[in-house]
Amino acid sequence: MHEMRERHEVRLSDGVVALSPLRMDDLDAHLAGEDELLVRWLSGGPSTREKAEAYFRLCLEQWESEGSLRAFGVRAGTEGVLAGTIDLRFGVEGLAPGQVNVAYGLYPSWRGRGLATRAVLLASRYAGTAGGKQAVIRVEPENLASAAVARRAGFTPGGRTFGKDGTVLDWYTLDLHEPMVE
């Protein structure tokens, strides 16, 4: 893994996928890439430009303040085309101290190439360097593709929870002090 840091700029790469903080000039690509699967499994509702801009501003503020949210753009190819997003959330309600929530989604044209697994591995390594002890991926049981990414990245099934709203989530965990799958 290659890692470079300047001020609050982070860039992680495995030579195929690169992660760097979301930035405002990613907004159009993000809006164009959103589809019904991202809405269903990740965002919970279609993005409007106004909502997406507010979220991207929040992401930038969190990076600048070293807050609990670290949102990355998943970038592919030599041009670093935005292929999706992955975020880490530290200190999430319902998680134990040291656990870091990992959430990800790729735009349709980038799915099925192993990029999500690579992004999860890179983000999990970063989480370990930022004080995380265990990465947690929480997935609705019907989201088979996301569960497969967790398993390919070396996460272990860790039980099931039931939310107050009736949402069922299967948990996958990865201890961040252990060597990770390459």
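For clarity, every value in this text was computed on a predicted model and none was experimentally measured. Position 1 is the first residue of the sequence; numbering continues from there.
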Exercise for the section: Spell out, yes or no, whether W171 and F155 are grouped together once hydrophobic residues are joined by side-chain heavy atoms under 4.5 Å, including indirect joins. Expected result: no
Handout entry: Transitive ILVMFWY side-chain link L169 to V92, under 4.5 Å
Key =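 Both belong to a single hydrophobic cluster.
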Exercise for the section: Kindly write out the residues that satisfy ring-ring contact (aromatic ring centres under 6.0 Å, His included) with F56, not counting sequence neighbours, or none if the list is empty. Expected result: H30
Practice task
Could you pull out all residues at least two apart from F72 that satisfy ring-ring contact (aromatic ring centres under 6.0 Å, His included)?
Solution key: W63, Y126
Side chains of [X] and [Y] in contact at under 4.5 Å (non-hydrogen atoms):
X: L95; Y: R138; answer: yes
X: D26; Y: R75; answer: yes
X: V102; Y: V136; answer: no
X: E140; Y: T167; answer: yes

For the [atom1] atom of [X] and the [atom2] atom of [Y], what is their distance to the nearest 0.5 Å?
X: D170; Y: I137; atom1: CG; atom2: CD1; value: 12.0 Å
X: D175; Y: T156; atom1: CG; atom2: OG1; value: 7.5 Å
X: L27; Y: R57; atom1: CG; atom2: CZ; value: 9.5 Å
X: T173; Y: K133; atom1: OG1; atom2: NZ; value: 15.5 Å
X: L115; Y: I86; atom1: CG; atom2: CD1; value: 11.5 Å
X: N101; Y: E93; atom1: CG; atom2: CD; value: 12.5 Å

Practice task
Go through L88 and Y104 one step at a time and tell me if the side-chain contact (heavy atoms from CB on, under 4.5 Å) criterion holds.
Solution key: CA-CA 9 Å; L88 302 173; Y104 46 88; over 6 Å; no
For residues [X] and [Y], report the shortest heavy-atom separation together with the two atoms involved.
X: L31; Y: A52; value: CD2-CB, 3.9 Å
X: A153; Y: V120; value: CB-CG1, 3.8 Å
X: V74; Y: A119; value: CG2-CB, 4.0 Å
X: L19; Y: A123; value: CD1-N, 3.6 Å
X: V17; Y: D14; value: N-OD1, 2.8 Å
X: A71; Y: D87; value: CA-CB, 3.8 Å

Exercise for the section: Spell out, as yes or no, whether a donor-acceptor pair under 3.5 Å connects the side chain of R111 to the backbone of L106. Expected result: yes
Practice task
Check the pair R89 / V100 against side-chain contact (heavy atoms from CB on, under 4.5 Å), numbers first and verdict last.
Solution key: CA-CA 6 Å; R89 291 182 188 258; V100 180; 5.9 Å; no
Problem - side-chain contact (heavy atoms from CB on, under 4.5 Å) evaluation trace for L82 with R23 - result: CA-CA 11 Å; L82 187 68; R23 43 186 202 254; over 6 Å; no
Problem - Stepwise side-chain contact (heavy atoms from CB on, under 4.5 Å) test for S47 and Y55 - result: CA-CA 10 Å; S47 293; Y55 175 70; over 6 Å; no
